[in-house]
Protein chains: 2
Amino acid sequence: MHVDALKKELRDRRWRMTPQREQILKVFIETNSEHLGAEEVYRYLLNKRINVSKATVYRTVDLLVELGFLRRLQFDEGVYRYELVDKQNKHSHFICNSCGKIYELKNELSPEFVMKEYIDLLNGNGYIVEEFDIKFRGICPKCSEKQLKKHRKSK
Amino acid sequence: MHVDALKKELRDRRWRMTPQREQILKVFIETNSEHLGAEEVYRYLLNKRINVSKATVYRTVDLLVELGFLRRLQFDEGVYRYELVDKQNKHSHFICNSCGKIYELKNELSPEFVMKEYIDLLNGNGYIVEEFDIKFRGICPKCSEKQLKKHRKSK
DNA sequence: GTACATGCAAAAGCTTTGCATCTTC
DNA sequence: GAAGATGCAAAGCTTTTGCATGTAC
């Protein structure tokens with residue numbers, strides 16, 4: 001379980017497990033890793049009447065990135081967002097220009113597979129790729145379906 | 001030429017051409033579109049003894065994005081960066097984890113080609129892709145070459 | 001008991017905005 | 001001449017930091 005892994009990782013590095021750290025990690029598990037920003041993590045805990053200061057949220061998400069539990073993301077807004085790292089299940093993001101929802105493209109919809117040959121090309125040209133990040137923008141299935149229905153009706 | 005296109009675009013929209021707008025666009029042309037942030041554009045002009053206020057730089061880069069002359073980028077720092085849009089020559093970015101340089105992967109190194117089949121897959125699943133953005137991180141050819149030399153010497 | 005973590009408020013960094021003044025059309 | 005653009009300073013946001021207090025080991 002994630003929380004136990006965090007305890008182990010902190011112990012190994014001679015850092016300390018605290019209720020705040022546990023609660024903040026749990027927010028990402030409970031929300032199904034919904035690309036929350038620090039402010040949202042803070043509000044989520046406030047709502048649950050769990051007292052953690054904003055400064056601690058910021059310090060802790062940094063720590064969790066450092067330890068490999070979270071990944072830091074940007075979606076062309078003014079804030080950093082975070083998601084749980086799942087090394088077995090790499091994914092890319094699709095942001096809907098209509099409803100704003102962020103989708104995770106994983107498994108059979110993951111671009112990992114097609115990218116392999118391209119990364120070989122980069123390697124062949126001297127670039128050593130350590131990680132990559134792809135973001136798509138467009139219209140998601142739900143929104144395009146909606147528009148289609150509207151269009152049909154208007155005929 | 002870019003500046004003329006800007007004049008035309010502004011005239012068409014009943015907006016005004018000003019020396020500041022021309023100068024700011026020219027910064028990107030003169031620097032070969034080096035992913036500058038607003039602060040850097042401001043300093044570049046200061047150095048050339050061209051007086052433009054920071055507020056105008058911010059307002060103008062926004063405008064130039066709006067008009068399709070610039071693209072706004074983020075590289076996991078706290079600032080927005082901008083580059084000239086070149087529709088004929090789409091490219092992705094490679095950021096070196098060692099020296100920090102941002103490379104543009106274009107032409108035969110562009111991932112555009114391999115992405116085509118993947119985008120077809122997304123389309124087939126209801127996602128309408130309007131744009132995408134790929135960032136790679138790793139070690140650039142120069143830095144990996146340097147490390148190789150160091151390694152050889154130390155033997 | 002001590003080193004480390006937290007909370008609070010203040011500061012910092014980037015970006016936006018209100019308003020008076022100036023400029024383009 | 002009027003609508004729009006600029007410059008300045010102030011304000012707004014998100015994120016970071018200093019320091020006193022609290023807590024895990």
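Lettering follows sequence order; numbering is per chain, from 1.
Less than 4.0 Å separates DNA chain D from at least one heavy atom of each of the following residues of residues 5-25 of chain B: B:Trp15, B:Arg16, B:Thr18, B:Gln20, B:Arg21. Within residues 67-79 of chain A, the residues approached by DNA chain D to less than 4.0 Å at the level of any non-hydrogen atom are A:Gly78, A:Val79, in residue-number order.
Using a 4.0 Å cutoff to heavy atoms of chain B, the contacted part of DNA chain C runs 5' to 3' from C:dC14 to C:dC25.
No side-chain donor-acceptor contact under 3.5 Å links B:Glu112 and B:His91.
Rounded to whole Å, the distance from OH on A:Tyr42 to P on D:dT15 is 15 Å.
Using modelled atom types, one side-chain atom of A:Lys135 and one backbone atom of A:Gln74 make a donor-acceptor pair closer than 3.5 Å. The closest donor-acceptor contact from the side chain of B:Thr56 to the backbone of B:Val52 lies at 3.5 Å or more, if one exists at all.
Partner of B:Arg81 under the salt bridge (Lys or Arg N to Asp or Glu O under 4.0 Å) criterion, out of B:Glu34, B:Glu40, B:Glu39: B:Glu40 alone.
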Evaluate side chain to side chain donor-acceptor pair (under 3.5 Å) for A:Glu22 paired with A:His2, printing each intermediate quantity in order.
CA-CA 9 Å; A:Glu22 171 164 352; A:His2 269 112; over 6 Å; no
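Here B:Asp12 pairs with B:Lys8 in a salt bridge; the nearest charged N to carboxylate O distance falls below 4.0 Å. The residues A:Arg137 and B:Glu130 are annotated as not salt-bridged, no charged nitrogen and carboxylate oxygen being separated by less than 4.0 angstrom.
For the pair A:Tyr58 and D:dT15, the criterion of a side-chain N or O lying under 4.0 Å from OP1 or OP2 is met. A close approach under 4.0 Å does occur between a side-chain nitrogen or oxygen of B:Thr56 and OP1 or OP2 of D:dG7.
Residue B:Pro111 comes nearest to B:Ile134 through the heavy atom pair CG-CD1, 3.9 Å, listed as atom of the first residue, atom of the second, then distance. Residues B:Ile50 and B:Gln23 share a closest heavy-atom pair of CD1-OE1, 3.4 Å. Scanning both residues, A:Leu67 and A:Leu6, for their nearest heavy atoms gives CD1-CD1, 3.9 Å.
Position along DNA chain C of the nearest nucleotide to A:Ala55 versus B:Gly37 favours A:Ala55 as the more 5'-ward residue.
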